[in-house]
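Step one of this worksheet: look at the structure below.
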There are 2 protein chains.
Amino acid sequence: MVKKKELDPEVQEMARICKALGHPVRVYILQKLAARNTCCYSGDLVDEIPVGRSTLSQHLKELKFAGLIQGEIEPPFIKYCINRSNWEKAKMLFEDLFNPEMDKPV
Amino acid sequence: MVKKKELDPEVQEMARICKALGHPVRVYILQKLAARNTCCYSGDLVDEIPVGRSTLSQHLKELKFAGLIQGEIEPPFIKYCINRSNWEKAKMLFEDLFNPEMDKPV
DNA sequence: ATAACATTTCGTATTTTTGCGAAATAAAGA
DNA sequence: TCTTTATTTCGCAAAAATACGAAATGTTAT
């Protein structure tokens, strides 16, 4: 009898990351940062994304809290970029999900 | 001036999939189905997951709606398994996100 | 037909997420 | 110091997600 009361921490972590990715604005930001391997500024993003400044700020905050991006102050801006180490961890989690070893016990 | 009013459909799709993955129970189910390349039944799952039957049913419904799983009736049960074609599509979306071509235009 | 079983839908309550504008913060320049 | 600029926090409202038990649905077995 596998009467679990809580799900595996790895499962929790995966869900946490996916939740952070679960909004078009946040996907857009991550896609941009990941693809160009560069950084961006809140002020630039607000011209490309259909949300107000404060809302965008909240999305950035969430991505930061989830560990997927990091921001450093570069006056007069705040420069955001991918948090590489966590990004790699997330990448591996997704790779495990989509390319699992098929020989697990029943 | 790239004054977008709506984000790219691909971005929307990605967010939709991530949202479906953004809950521990749903991650658990998908992980199980993907890893063992097999099917499962609502009645079995309810013993491993700390939620009630109706709640589990809703999560399954959401995964089905998102296209990630499919259910077929196999009386007296309903057998759920991965929707392989959509699963491959999702896999590719994540691969693109994590392994982007770095030579995109600025 | 009716009883038993597996699962879903319904109604509802609680919590979380999303979004905005106004006000706050912080730093740079006049 | 007083603006200006860039961004965040606050306070709030609206919408969506989560969870549950009760009732409904549909199927199999008696």
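The structure presented is a predicted model; accordingly, all values stated were derived computationally and were not measured. Letters go in sequence order (proteins before strands), and every chain restarts at 1.
- Arg53(A) CZ: 12 or fewer foreign heavy atoms inside a 6.0 Å radius.
- Side-chain contact annotation: Lys64(A) with Asn83(A), donor-acceptor N/O pair under 3.5 Å absent.
- Using a distance-only test at 3.5 Å, with no hydrogens or angles considered, no donor-acceptor pair links the side chain of Gln70(B) to the main chain of Cys81(B).
- One can place CG of Leu63(A) at 11 Å from P of dT18(C), the figure rounded to the nearest angstrom.
- At the phosphate of dG19(C), neither OP1 nor OP2 sits under 4.0 Å from any side-chain N or O atom of Thr55(A).
- Between Glu48(B) and Lys32(B) there is a salt bridge, since a side-chain N of the basic residue sits under 4.0 Å from a carboxylate O of the acidic one.
- Rounded to a whole Å, the CD1 atom of Ile49(B) is 13 Å from the P atom of dT7(C).
- The CD1 atom of Ile78(A) sits 11 Å away from the P atom of dA26(C) (whole-angstrom rounding).
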Could you write out each protein N or O paired with an N or O of nucleotides 15-17 of chain C at a distance under 3.5 Å?
residue: dT17(C); atom: OP1; partner: Lys19(A); partner atom: NZ; Å: 3.4

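- We find that CD of Glu72(B) is positioned 14 Å from P of dT7(C), with the value rounded to whole Å.
- Judged purely by atom type and a 3.5 angstrom limit, Asn86(B) has no side-chain atom pairing as donor or acceptor with the backbone of Leu68(B).
- The residue among Leu60(A) and Ile73(B) whose nearest nucleotide of DNA chain D lies closer to the 5′ end is Leu60(A).
- Residue contacts for Ser54(B): at a heavy-atom cut-off of 4.0 Å it reaches a base atom on one of the strands shown.
- For the pair Arg53(B) CZ and dT9(C) C1', the computed distance is 16 Å after rounding to whole Å.
- A straight line from CG of Leu7(B) to P of dG19(C) spans 10 Å, rounded to a whole angstrom.
- Looking at Gln12(A), its side chain never comes within 3.5 Å of a backbone N or O of Pro24(B) through a donor-acceptor pair.
- When rounded to the nearest whole Å, the span between CD of Gln58(B) and P of dT9(C) equals 9 Å.
- In this structure, Asp44(B) places its CG atom 16 Å from P of dC5(C), rounding to the nearest Å.
- The aromatic rings of Phe94(B) and Phe98(A) sit tilted, their planes meeting at an angle between 30° and 60°.
- Looking at Arg26(A), its side chain does come within 3.5 Å of a backbone N or O of Ala20(A) through a donor-acceptor pair.
- You can see that DNA chain D meets the heavy atoms of chain A within a 4.0 Å-exclusive cut from dA6(D) to dT9(D), reading 5' to 3'.
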* Working for side-chain contact (heavy atoms from CB on, under 4.5 Å), residues Glu72(B) and Ile78(B) -> CA-CA 6 Å; Glu72(B) 55 184 292; Ile78(B) 296 182; over 6 Å; no
